[in-house]
Amino acid sequence: MKYRYLGKAGIQVSELSLGSWVTFHTQAGIDSTVEMMSAAYDAGINYFDNAESYAAGKSEEVMGAALKKLGWRRGSYLVSTKLFWGLHESPNEQNTLNRKYLLEAVDASLRRLDMDYVDLLYCHRADPSTPIEETVWAMHNIIERGKALYWGTSEWEAADILSAIEIAARHHLHKPVVEQPVYNLFQRHRFAPEYERVYKEYGYGSTTWSPLASGLLTGKYNDGVPSDSRGALEGLEWLREELTNTERLAKVAALKPVADELGATLAQFSLAWCLQNPQVSTVITGASRVQQVHENMKALDFVDSFTPDVMREIDRVFGPA
Ligand SMILES: NC(=O)c1ccc[n+]([C@@H]2O[C@H](COP(=O)([O-])OP(=O)(O)OC[C@H]3O[C@@H](n4cnc5c(N)ncnc54)[C@H](OP(=O)(O)O)[C@@H]3O)[C@@H](O)[C@H]2O)c1
């Protein structure tokens with residue numbers, strides 16, 4: 001495993017990391033979570049991602065319980081969670097980054113995780129109804145109170161990130177240091193030119209999500225929806241539509257020989273492709289069982305395989321980025 005600095009922040013994250021969306025609690029109980037986190041940690045992963053909204057808070061509980069069983073030294077790993085959607089139906093607790101919500105929600109997440117602090121705390125989406133200045137102050141105060149060490153954004157427009165950085169600089173507050181954007185062979189827009197200042201000038205880090213487009217890029221949906229896959233889960237009908245889109249499936253089929261040529265599985269090829277972008281700090285992988293963790297870790301062997309010829313093949317299949 002190699003480690004990359006989280007942008008200009010002083011901490012290093014493993015090139016591959018592990019997240020818990022859909023999987024922890026819904027598909028994996030505590031024992032299976034222990035098994036997957038353990039395999040990831042043994043492979044060198046030092047960063048585990050979560051969010052209050054995953055399985056309505058249960059995903060944080062499962063990760064917290066697993067960490068307790070694993071008993072690793074706290075300094076040896078990083079944990080993140082994300083706030084925005086909320087778990088309670090009330091005007092100030094949903095789809096918001098207001099000060100009251102953030103200060104209360106971080107405490108609730110820490111209780112579920114059974115931790116004193118998280119290493120990274122993200123604003124899971126932007127909130128156009130709360131002034132960015134209010135959110136920046138609240139995130140600064142959370143850090144000052146020792147409940148998070150760094151803060152970041154997820155799926156924010158470049159202009160909003162720049163605005164948050166500039167507000168923090170003006171008031172000498174803790175700046176956001178990392179964005180969590182979607183990034184995979186189908187979705188390459190979050191490193192578009194408008195983000196250049198964010199990453200290059202301000203040295204933002206990035207922890208990218210859904211590198212396999214929820215499993216589509218493994219090729220597992222090319223012969224229908226496997227009954228034990230994310231695409232078969234109740235409540236994810238919106239996702240099933242994306243996973244069975246014929247145009248997308250044709251692209252995955254066309255990518256297979258390109259991955260075969262390198263001796264990589266489609267999953268390994270697609271994960272390695274994310275990592276060949278030097279602006280990516282870590283690729284957050286997902287897994288519903290330990291075998292997937294083992295397969296995905298081997299993606300690291302292919303990061304240097306993206307020659308101009310291979311990149312041309314990718315453009316041929318997916319169109320230019
Ligand atoms: N900030 C955000 O808004 C946001 C949004 C989404 C995710 N995230 C973060 O990013 C993490 C990763 O996202 P993701 O889970 O969507 O990643 P992904 O890599 O696109 O999808 C992971 C899923 O694909 C399947 N899979 C993975 N490896 C496989 C393999 N080798 N062979 C066959 N199937 C395989 C598994 O699902 P099945 O076995 O069930 O098919 C697995 O749970 C999340 O856990 C979360 O921490 C953040």
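We count ligands from 1, going down the list as the structure has it; atoms in each ligand are counted the same way.
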* Steps toward side-chain hydrogen bond (donor to acceptor under 3.5 Å, both in side chains) verdict (S80, D49) -> CA-CA 5 Å; S80 62; D49 182 61; 2.5 Å; yes
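- Ligand 1 lies less than 4.0 angstrom from a heavy atom belonging to R125.
- The shortest separation from a heavy atom of E295 to ligand 1 is under 4.0 Å, placing the residue in contact.
- Atoms OH and OG, on Y3 and S281 in that order, are 15.0 Å from each other to the nearest 0.5 Å.
- Checked against a 6.0 Å centroid threshold, the rings of F269 and F302 do not count as neighbours.
- The other residues sharing a hydrophobic cluster with Y47 are L6, I11, V13, L78, Y117, L120, Y122, L149, Y150, V177, V178, I284, where clustering joins ILVMFWY side chains under 4.5 Å apart.
- When W209, F84, Y54 are ranked by how near their heavy atoms come to atom 46 (C) of ligand 1, first place goes to Y54.
- Remark: minimum distance from atom 15 (O) of ligand 1 to any protein heavy atom is reached at R230 NH2, 2.8 Å.
- For N141 and R99, the side-chain atoms include at least one donor-acceptor pair closer than 3.5 Å.
- Of the polar atoms of A267, none of the N or O atoms is found under 3.5 Å from an N or O of ligand 1, judged by distance alone.
- Not a single heavy atom of Y122 sits under 4.0 Å from any atom of ligand 1.
- Distances below 4.0 Å separate heavy atoms of A287 from the following atoms of ligand 1: 42 (C), 43 (O).
- Counting the atoms of ligand 1 from 1 in the order shown, those under 4.0 Å from a heavy atom of A213 are 20 (O).
- The atoms of ligand 1 that sit less than 4.0 Å from any heavy atom of Q27 are 40 (O).
- In summary, the aromatic rings of H140 and W151 are positioned with their centroids too far apart to meet the 6.0 Å limit.
- Outside the 6.0 Å centre-distance limit, the rings of Y101 and W85 are not counted as a close aromatic pair.
- At the shortest separation from atom 13 (O) of ligand 1 among protein heavy atoms lies S210 N, 3.3 Å.
- Assignment of Q268 to the shell around ligand 1 is not supported, since no heavy atom sits closer than 4.0 Å.
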* To do: Would you check, one step at a time, whether the test side-chain hydrogen bond (donor to acceptor under 3.5 Å, both in side chains) holds for Y54 with K82?
  => CA-CA 9 Å; Y54 296 169; K82 305 189 276 293; 3.0 Å; yes
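- By the criterion of a heavy-atom distance under 4.0 Å, both the backbone and the side chain of L212 are placed next to ligand 1.
- N50 and S59 share a donor-acceptor pair across their side chains, judged by distance under 3.5 Å alone.
- Residue contacts with ligand 1 leave out V22, since none of its heavy atoms falls under 4.0 Å from the ligand.
- Taking only nitrogen or oxygen atoms, main chain and side chain alike, S20 reaches within less than 3.5 Å of ligand 1.
- Protein heavy atom in closest approach to atom 33 (C) of ligand 1: K220 NZ, 3.6 Å.
- Close N/O approach between N296 and ligand 1 is found [any backbone or side-chain N/O within under 3.5 Å].
- At a heavy-atom cutoff of 4.0 Å, ligand 1 is contacted by the side chain of H124 but not by its backbone.
- In terms of N/O distances under 3.5 Å, ligand 1 is not approached by N50.
- Using modelled atom types, one finds a donor on one side chain and an acceptor on the other under 3.5 Å when comparing E144 with H174.
- Every N/O-N/O distance between S229 and ligand 1 stays at or above 3.5 Å.
- The closest side-chain donor-acceptor pair between Q180 and T153, if any, does not fall under 3.5 angstrom.
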